[in-house]
Structure formats: structure tokens, C-alpha cells
There are 2 protein chains.
Amino acid sequence: MDGAGTPSARLAAQFAFLNEADRLKSVLRATTLVDGSRVENSGEHSWHLALYALVLADQAAANVDINRVIRMLLIHDLVEIDVGDVPIHSAGGLAHGSVDTMAAEAQAADRIFGLLPSDLRHDLRALWEEFEAAETPDAIFAKSLDRVQPVMANLMSGGGTWTTYNVTADQLETRVGTKIARGAPGLWDWVKARAAPFFS
Amino acid sequence: MDGAGTPSARLAAQFAFLNEADRLKSVLRATTLVDGSRVENSGEHSWHLALYALVLADQAAANVDINRVIRMLLIHDLVEIDVGDVPIHSAGGLAHGSVDTMAAEAQAADRIFGLLPSDLRHDLRALWEEFEAAETPDAIFAKSLDRVQPVMANLMSGGGTWTTYNVTADQLETRVGTKIARGAPGLWDWVKARAAPFFS
């Protein structure tokens with residue numbers, strides 16, 4: 001049986017979503033790999049971030065649930081399949097965090113999470129909205145990791161998007177540092193000291 | 001302070017590992033993306049698998065801990081940074097699951113997990129060994145997902161590695177089907193019916 005509500009129809013919906021998610025591997029970011037060889041895609045970025053959560057869990061506040069942070073990071077960029085990556089330091093195209101960007105991302109979430117069976121659709125959509133709102137301890141820590149990973153890539157590759165977009169120390173502090181420090185103050189202190197030579 | 005055992009030395013070791021892990025994005029697999037546009041790398045593959053675990057959790061046995069499965073899948077391919085991907089259906093180079101491959105992977109695990117602070121080194125190394133041994137319910141389910149994701153990529157891209165390596169229905173059953181069915185029998189039934197036309 002393949003009718004709606006059957007186990008087979010449920011699997012068809014789960015795989016429709018998983019096959020659509022595959023497209024995140026073709027969404028390109030501004031940041032390069034650590035070795036500078038090419039720009040990173042949003043699928044591998046999401047994996048790297050989940051690994052960050054696993055390895056840097058001791059940088060989170062005591063009330064953070066790392067398993068929820070990992071789940072959040074696995075799905076946090078799926079809307080980019082429709083909207084594309086919106087670089088933090090770029091001035092062109094959609095502006096990071098603007099009303100237009102948020103509306104486009106909400107529409108993308110409707111479509112992409114809408115492929116799932118209703119229970120999963122509601123759970124994963126809620127998890128994505130929690131990440132976007134950045135109000136819960138889990139979301140705040142997830143956002144810190146999402147900000148610190150490109151900083152490491154820039155540090156390792158000799159400047160990266162800081163050079164591309166002529167980023168100043170003040171801009172780094174405002175756009176990136178405050179967000180990292182909010183969820184992981186010790187992490188920002190450590191990374192900031194290593195980023196300083198690039199802005200002197 | 002940057003001496004051994006200080007918070008700063010701990011972060012340096014955590015980032016040495018995370019920066020080394022970045023190289024998994026440059027390890028190429030035999031399988032293509034769903035759209036067939038290029039081969040997949042092992043970093044984005046690891047992300048996709050973790051998403052599989054999140055979305056297909058209801059296919060696991062009741063005693064499976066999905067959070068542990070996700071953690072396992074995030075680290076399961078890191079040894080490929082040194083050893084490369086060993087395709088299941090390929091006859092060239094290192095053979096999948098051979099003694100030589102397992103020895104090379106164990107050496108890679110020593111080096112790569114060895115970058116971490118000792119607590120994380122022991123935890124993640126043990127998790128990787130559990131995955132490799134495929135004896136616990138969590139590892140058995142993780143292995144099922146690792147086998148089913150390339151099957152979906154082949155289904156979606158018109159044959160993929162089944163065509164490349166002239167795979168027969170019997171080989172698919174032995175190398176892939178039995179492994180998927182062991183941890184997720186319902187999943188293999190559903191996928192097998194959809195793969196059948198490629199082997200008739």
C-alpha cells in the first residue's frame with residue numbers, strides 16, 4: 001500500500017526531504033576550506049559545525065543540551081537551498097538578518113520542511129525557528145559555533161573573507177565577536193587574541 | 001598561560017583536531033550527489049547521514065539511542081583523511097573491510113583522535129571503534145544508514161556506482177542489503193523494491 005498515512009507513504013515523504021536536502025551540498029559559502037583550496041558548501045559546513053558542538057561542548061553554559069545543539073546545527077542552513085548563503089560581511093544582494101532575508105527564509109522553510117510527514121515537519125520547523133530566534137541557551141550556543149567556525153577558517157587560510165570584504169576590527173567585534181561571546185565567552189577570548197594580528 | 005593542561009592548551013588541542021577534520025571535505029567518494037553533478041565528499045556525506053538518523057529515527061529498534069547514532073555518524077569517516085574512501089563495490093586499491101584497510105584505519109585513528117585532549121580522545125576513539133565493530137544496537141543502525149544513503153544516491157542519479165562497477169542484484173543484496181536489513185529491515189524492504197528495476 002502506498003496511500004497517505006501508510007508506512008510506505010511516510011518513507012516516501014522522509015526520502016523526499018532527504019533527497020531535497022542533498023542540494024545543500026551545492027550551496028556555496030563565502031568562506032573557504034581551512035587549506036584555502038576552494039569555498040566551502042553549506043552541507044559540509046553543517047557537518048563541521050555539528051562536530052564543533054561535539055568537541056567544544058565544555059565551552060557551553062551548564063544548561064545547554066549538546067544533543068539538541070547538534071540537531072539544530074544539522075538543519076540550520078537548509079533554507080539556503082532556496083535562498084542561498086547570505087555572507088555576514090558582504091554588502092551585496094540580500095542583507096544578513098534583514099526583513100527581506102527572513103521572509104525568504106521562512107518561505108523556504110515552509111517548502112522544505114513541508115516535504116516531511118507532519119510530526120517531523122513540526123519538530124524540525126520548531127527547532128529551526130528556535131535557532132533563528134537565538135533566545136534559548138541551546139540556540140545561543142549553536143549561533144556562537146556558527147560564528148566561530150568561519151573565523152577559524154579565516155585564521156587558518158590567511159585572512160579569507162576579512163580580506164575579501166575589507167573587514168575592520170570593529171566590524172569583526174560587532175558582527176561576530178558579540179555573537180560568539182554571548183554563548184561562549186571563553187571561546188571568543190581565545191579566538192580574538194589569535195585574530196588580532198590580522199587587524200593590526 | 002599556554003602550558004599543557006591549561007584552558008588555553010585544551011582549546012589549542014580541540015582546534016587542532018577541528019582544523020584537521022576540515023580535510024574530510026576534500027576526501028572524495030565513489031557516489032555522486034543526488035543530481036549526479038559531481039562525486040560526494042566524505043564531510044558532506046557525514047552531514048547527510050546524521051540528517052538521515054534524525055529523520056529516519058522511527059526505523060530504528062526501540063533500544064537505539066539516536067543521539068549516540070548521530071555522534072557516531074559525525075566521526076565515522078574521519079580516518080579517511082589518511083586512508084581515503086574505500087568504495088564497497090570497487091575491486092581496486094585497498095579492499096573494503098580487509099585486514100590491511102582496518103590496520104591503516106586504526107593507525108589513522110591513533111593520529112587524528114590523538115590530536116584531542118585525552119578525555120575527548122578516549123570518548124571519540126571508543127565511539128569510532130563501536131561503530132566499526134557493528135555489534136551494539138546504535139552501531140548496527142548507524143551502519144544501516146551508511147549503507148542506505150549511497151543506494152538512494154544511485155536510485156536518484158540513474159544507477160551511479162551500480163553502473164560504474166557492474167554490480168549485480170546478488171552483490172547488492174550481500175554487500176548492502178544484508179547490512180541495511182540488520183539494523184533497519186523496513187528500510188531495506190522499501191528501498192529494495194525501488195532498486196529492483198535497475199537489476200532486471
Side-chain angles (χ1 to χ4, degrees), chain A residues 7-8 10-12 14-15 17-26 33-35 37-38 40-59 66-68 70-71 73-75 78 116-117 119-120 123-124 127 149 152-153 155-156 186-187 189-191 193-194, chain B residues 7-8 10-12 14-15 17-26 33-35 37-38 40-59 66-68 70-71 73-75 78 116-117 119-120 123-124 127 149 152-153 155-156 186-187 189-191 193-194:
Chain A
S8 181
R10 180 174 173 85
L11 273 170
Q14 286 162 308
F15 278 114
F17 171 84
L18 289 169
N19 287 330
E20 182 67 17
D22 195 78
R23 295 175 60 200
L24 195 62
K25 302 169 188 170
S26 300
L33 302 191
V34 160
D35 67 8
S37 59
R38 62 169 172 82
E40 190 184 37
N41 72 59
S42 294
E44 62 200 5
H45 163 73
S46 299
W47 163 72
H48 208 182
L49 278 186
L51 194 65
Y52 265 61
L54 191 53
V55 167
L56 296 170
D58 61 348
Q59 293 292 323
I66 290 296
N67 289 323
R68 290 192 77 248
I70 290 173
R71 287 166 179 247
L73 291 169
L74 291 174
I75 62 156
L78 284 171
L116 287 164
D119 58 325
L120 284 164
D123 287 355
L124 297 191
L127 199 61
Q149 186 257 5
M152 278 311 297
L155 277 176
M156 297 296 292
L187 204 54
D189 286 345
W190 191 88
V191 171
R194 280 146 190 86
Chain B
S8 181
R10 181 174 172 86
L11 273 171
Q14 287 162 309
F15 277 115
F17 172 83
L18 289 169
N19 288 330
E20 182 67 17
D22 196 77
R23 295 176 60 200
L24 195 62
K25 302 168 188 170
S26 300
L33 302 191
V34 160
D35 68 7
S37 58
R38 62 168 172 82
E40 190 184 37
N41 72 59
S42 294
E44 62 199 5
H45 163 72
S46 299
W47 163 72
H48 207 182
L49 278 186
L51 194 65
Y52 264 61
L54 192 52
V55 167
L56 295 170
D58 61 347
Q59 293 292 324
I66 290 296
N67 289 323
R68 290 193 78 248
I70 290 172
R71 288 166 179 247
L73 291 169
L74 290 173
I75 62 155
L78 283 171
L116 287 163
D119 57 325
L120 285 165
D123 288 354
L124 296 192
L127 199 61
Q149 186 255 8
M152 278 311 296
L155 277 176
M156 297 296 292
L187 204 54
D189 287 346
W190 191 86
V191 171
R194 280 147 190 86

Interface check, chain A: of B/Leu24, B/Leu116, B/Asp35, most non-hydrogen pairs under 4.5 Å belong to B/Leu24
Most contact-rich option vs chain A, by heavy-atom pairs under 4.5 angstrom, among B/Leu74, B/Leu124, B/Leu187, B/Val191, is B/Leu74
The interface call for A/Leu78 against chain B, heavy-atom contacts under 4.5 Å, is side chain
Per-residue tally against chain A (heavy atom, under 4.5 Å) across B/Ala53, B/Ala21, B/Ala153, B/Gly186 peaks at B/Ala21
Requested in this report: Could you check if a side-chain atom of B/Asn41 sits within less than 4.5 angstrom of a side-chain atom of A/Glu44, using non-hydrogen atoms only?
Outcome: yes
If one checks every heavy atom of A/Arg38 against chain B at 4.5 Å, the contacting part turns out to be side chain
Distance only, no hydrogens: is a donor on one side chain within 3.5 Å (strictly under) of an acceptor on the other, for B/Lys25 and A/His48?
-> yes
Honestly, the part of B/Asp123 sitting under 4.5 Å from a heavy atom of chain A is neither
Query raised in the report: Hey, are the side chains of B/Leu127 and B/Arg71 touching, using non-hydrogen atoms and a 4.5 Å cut-off?
Result: yes
Rounded to the nearest 0.5 angstrom, the CG-CH2 distance for A/Asp22 and B/Trp47 is 7.0 Å
Cut-off 4.5 Å, heavy atoms of chain A, and the answer for B/Leu120 is side chain
Heavy-atom closest pair (B/Trp190 atom, A/Ser8 atom, distance to 0.1 Å) is NE1-OG, 3.1 Å
The interface call for A/Leu51 against chain B, heavy-atom contacts under 4.5 Å, is both
Under 4.5 Å to a heavy atom of chain A? For B/Asp189 that would be neither
- Query: Counting only N and O atoms by type, is there a donor-acceptor contact under 3.5 Å from the side chain of B/Glu40 to the main-chain atoms of B/Leu33?
  - Reply: no
Exercise for the section: Walk me through it: do B/Val34 and A/Leu18 pass the test side-chain contact (heavy atoms from CB on, under 4.5 Å)? Expected result: CA-CA 10 Å; B/Val34 160; A/Leu18 289 169; over 6 Å; no
Using 30° and 60° as the class boundaries, would you call the ring planes of A/Phe15 and B/Tyr52 parallel, tilted or perpendicular? perpendicular
Here the gap from A/Leu155 atom CG to B/Asn19 atom CG, rounded to the nearest 0.5 Å, amounts to 8.5 Å
Between the CZ atom in B/Arg68 and the CD1 atom in B/Ile66, the distance rounded to the nearest 0.5 Å is 11.5 Å
Applying a strict 4.5 Å limit to non-hydrogen atoms, the region of B/Leu56 in contact with chain A is both
Counting heavy-atom pairs under 4.5 Å with chain A, the top scorer among B/Gln59, B/His45, B/Gln149 is B/Gln59
Interface check, chain A: of B/Pro117, B/Ser26, B/Gly43, most non-hydrogen pairs under 4.5 Å belong to B/Gly43
The interface call for B/Arg10 against chain A, heavy-atom contacts under 4.5 Å, is side chain
If one checks every heavy atom of B/Arg23 against chain A at 4.5 Å, the contacting part turns out to be neither
- request: Evaluate the criterion side-chain contact (heavy atoms from CB on, under 4.5 Å) for residue pair A/Gln14 and B/Asp58; output intermediate values, then yes/no.
  value: CA-CA 11 Å; A/Gln14 286 162 308; B/Asp58 61 347; 3.1 Å; yes
If one checks every heavy atom of A/Leu49 against chain B at 4.5 Å, the contacting part turns out to be neither
Turns out that what part of B/Leu73 lies under 4.5 Å from chain A's heavy atoms comes down to neither
The interface call for A/Ile70 against chain B, heavy-atom contacts under 4.5 Å, is side chain
